[in-house]
Protein chains: 2
Amino acid sequence: MARINLERRAKIGRERRARTRAQIVDAGALLLGEGAVSALTVDAVAEAAGVAKGTFYYHFQNMEELLEAVGEQVVESFEDAVTRARHELRDPIARLSFAFTQTLERAISDNGWARLVVQGSQYPLDFGRSTYANLKADIAEAIAEGSVTVQDPELAADIVAGIWLQVTRGILERVARPELTTQALEAALRALGACDPGARSLYQSCPPLG
Amino acid sequence: MARINLERRAKIGRERRARTRAQIVDAGALLLGEGAVSALTVDAVAEAAGVAKGTFYYHFQNMEELLEAVGEQVVESFEDAVTRARHELRDPIARLSFAFTQTLERAISDNGWARLVVQGSQYPLDFGRSTYANLKADIAEAIAEGSVTVQDPELAADIVAGIWLQVTRGILERVARPELTTQALEAALRALGACDPGARSLYQSCPPLG
DNA sequence: GATGATAAAGACTATATAGTCGTTTTGACT
DNA sequence: AGTCAAAACGACTATATAGTCTTTATCATC
């Protein structure tokens with residue numbers, strides 16, 4: 001009997017712990033999104049989370065560890081938006097296009113998230129790493145298929161990621177026009193020399209090679 | 001006579017002052033380029049400049065003022081590389097192309113400079129502002145000429161700047177292949193839907209509109 | 001070599017932040 | 001109600017950094 005009791009107790013404890021931890025991570029993400037890059041102190045995070053300083057250190061060894069946790073959360077938020085497409089869409093360019101516009105639209109409707117991602121892209125804190133890897137994989141597949149002109153997958157990924165990031169910065173500084181996401185995507189595909197499979201006839205971005 | 005003496009004296013003083021100031025700015029640029037974003041303290045700058053802390057405050061009111069000075073220096077370094085082109089090249093796309101490759105090549109050969117620029121692009125500390133304005137002006141001209149497909153000059157500037165920045169980040173992380181700058185430029189021009197005037201026949205990036 | 005004004009130096013204070021640690025609270029279980 | 005272990009608390013220390021202010025060095029001029 002004791003066994004069951006201890007297990008339940010431990011489980012409840014873990015749940016409470018997880019709630020508090022989540023509060024702290026959210027507070028960190030919030031502050032980071034507000035651009036408080038250098039003002040991101042343990043005290044500030046603890047206060048924003050409504051938690052004592054000791055509690056912060058009960059959950060994280062230091063700021064770096066919190067930032068890692070925030071980074072993981074951002075990566076997850078990226079992947080959530082895109083995972084379904086990953087299963088349903090066979091064409092790598094279609095996947096990439098879906099993810100590109102989907103995430104840009106999220107940036108428009110959730111500026112806090114956008115700020116967080118832009119901030120995160122600065123320190124190469126594995127933040128984007130995994131997202132970038134997915135992007136590169138899609139592109140490599142497209143290159144293998146011959147549906148893209150740029151031959152270097154790293155350059156191609158930089159091009160797409162660069163456009164995405166800078167357009168997102170623009171969204172944060174100006175107001176996004178409604179056609180923005182489409183136009184940005186078209187530009188990115190043209191840059192790659194890619195066939196947009198859904199609009200091949202419209203944009204003629206994929207003339208026969210050679 | 002007293003007048004001349006005082007003037008000379010003042011001039012000499014100003015020169016010594018300027019030398020020390022330049023040392024401090026250079027040290028700041030160096031540290032910033034090394035990615036010491038949060039470790040960029042007054043003490044660290046003073047030590048790197050081989051100067052006492054009091055001297056720092058004799059020249060700058062605070063860190064922010066130093067960063068402004070560093071920013072100005074970066075803007076100048078950008079413009080130095082590009083100013084000649086500005087006078088000699090009439091076609092806005094040619095100017096843009098020249099500046100794009102020129103600066104990318106500098107990033108390859110001077111990684112410290114590249115790191116500095118990338119860092120600087122993060123805080124929208126008027127750092128890029130003026131460079132960005134030039135870029136936008138060239139693009140606006142090209143749009144007016146009808147030699148570019150993208151119609152929104154802000155989006156177009158974001159696209160070019162985004163590619164440039166991310167490719168530069170790539171240069172810092174990987175090794176740059178020799179064809180990189182050309183390929184990056186071509187991608188940027190394709191993204192804009194631009195006629196590359198020097199290579200119109202090669203890349204066919206400017207089919208008749210409509 | 002003495003003078004005087006500018007430039008540089010560096011010890012000092014005040015403050016903010018990281019990280020620690022003993023104490024208190026919570027809440028499931030008896 | 002009482003127990004107990006996990007969780008949260010917050011005062012405390014140590015340290016690093018910003019910014020000040022008095023003292024010292026420099027150097028053209030006399």
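Note: hydrogens, waters and symmetry copies are ignored here, and every other heavy atom, side chains too, is used. Per chain, numbering begins at 1; letters A, B, ... match sequence-line order. Everything numeric here is computed off the predicted structure, so don't read it as measured data.
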Looking only at the side chain of [X] (C-beta and beyond, no hydrogens), which of the listed nucleotides [options] gets closest?
X     : options                : value
B:V51 : D:dA7, C:dT6, C:dA9    : C:dA9
A:A52 : D:dA7, C:dG19, D:dC9   : D:dC9
A:H59 : C:dT17, C:dT6, D:dA8   : D:dA8
B:T41 : D:dG10, C:dG10, D:dA18 : D:dA18

Phosphate OP1/OP2 of C:dA7 contacted by B:Y58 side-chain N/O (<4.0 Å):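 Affirmative; the distance criterion is met.
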
Please report, rounded to the nearest Å, how far the [atom2] atom of [N] is from the [atom1] atom of [X].
X     : N      : atom1 : atom2 : answer
A:R19 : D:dA8  : CZ    : P     : 9 Å
B:I24 : C:dA7  : CD1   : P     : 13 Å
B:Y57 : C:dA14 : OH    : P     : 16 Å
A:D43 : C:dT20 : CG    : C1'   : 14 Å
B:R17 : D:dT26 : CZ    : C1'   : 16 Å
A:M63 : C:dG19 : CE    : C1'   : 13 Å
B:F60 : D:dT20 : CZ    : P     : 16 Å
B:Q23 : C:dA9  : CD    : P     : 9 Å

Along DNA chain C (nearest heavy atom to each residue), the more 5'-positioned of A:G54 and A:V42: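 Checking each residue's closest nucleotide, the 5'-ward one belongs to A:V42.
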
Residues, nucleotides or ligands: over 12 heavy atoms within 6.0 Å of B:E47 CD: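 No, not enclosed.
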
Taking every non-hydrogen atom, the tightest pair across A:P92 and A:E141: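 Scanning both residues, the minimum pair turns out to be CD-OE2, 3.8 Å.
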
Closest contact, heavy atoms only, A:R115 versus A:G33: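 That would be CD-O, 2.9 Å.
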
Under 3.5 Å donor-acceptor, A:R190 side chain and B:R190 backbone: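 Yes; judged by distance alone, with no hydrogens or angles, the pair exists.
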
Note: B:R174-A:D158 ion pair, threshold 4.0 Å (strictly below):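 Looking at A:D158 together with B:R174, the answer is yes, because their closest N to O distance falls below 4.0 Å.
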
Side-chain-base donor-acceptor pair under 3.5 Å for B:K53 and D:dA18: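 Side chain to base: pair present.
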
